[in-house]
Amino acid sequence: MSEAELHVIRARLQGGILNKARRGELQCPLPVGLMYNSEGRPSLDPDKQVQDSIRFLFDAFCRTGFCLRCRQGLPPETAPVSATAEEGAKQRRTGLGRTQT
């Protein structure tokens, strides 16, 4: 494939993404603790443990003012991990049938 063809394909893909964004239909991956509801709008993760962990981290940050101190006070078994975050991590580890290091 020539450079010109690749440029045209890339430009069309970028144009499609911009059009979706203008229409309000573009869905990007959300941070842990948020997920898209049935209407396609971001909302809190329904998992109570994830919600409590996120609130703990924000409260700890307000108290200490440091990110690292927030994480130090959180026990490892209560670290927030949603199902979508686990799937994303699995995809990053495996890629297209191979293990990435």
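The chain is numbered in sequence order, starting from 1.
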What are the two closest non-hydrogen atoms of Leu44 and Gln51, and how far apart are they?
-> CB-NE2, 4.0 Å
Please output the side-chain donor-acceptor pairs of residues 9-21 that fall under 3.5 Å, not counting sequence neighbours, one pair per line with the distance.
unit_1 : atom_1 : unit_2 : atom_2 : d
Asn19  : OD1    : Arg22  : NH1    : 3.1
Asn19  : ND2    : Gly15  : O      : 3.3

To the nearest 0.5 Å, how far apart are CG in Asp47 and CD1 in Ile54?
-> 10.5 Å
Working to the nearest 0.5 Å, report the span between CG of Leu57 and SG of Cys62.
-> 11.0 Å
Only counting residues at least two apart or in another chain, list the ones meeting side chain to side chain donor-acceptor pair (under 3.5 Å) with Glu25.
-> Arg23
For residues 49-58, pull every pair meeting salt bridge (Lys or Arg N to Asp or Glu O under 4.0 Å), keeping only residues two or more places apart or in separate chains.
-> Lys48-Asp52
Determine all donor-acceptor pairs shorter than 3.5 Å in which one atom belongs to a side chain in residues 30-38; sequence neighbours excluded.
unit_1 : atom_1 : unit_2 : atom_2 : d
Tyr36  : OH     : Cys28  : N      : 3.0
Tyr36  : OH     : Cys28  : O      : 2.8
Asn37  : OD1    : Glu39  : N      : 3.0
Asn37  : OD1    : Gly40  : N      : 3.1
Asn37  : OD1    : Arg41  : N      : 2.9

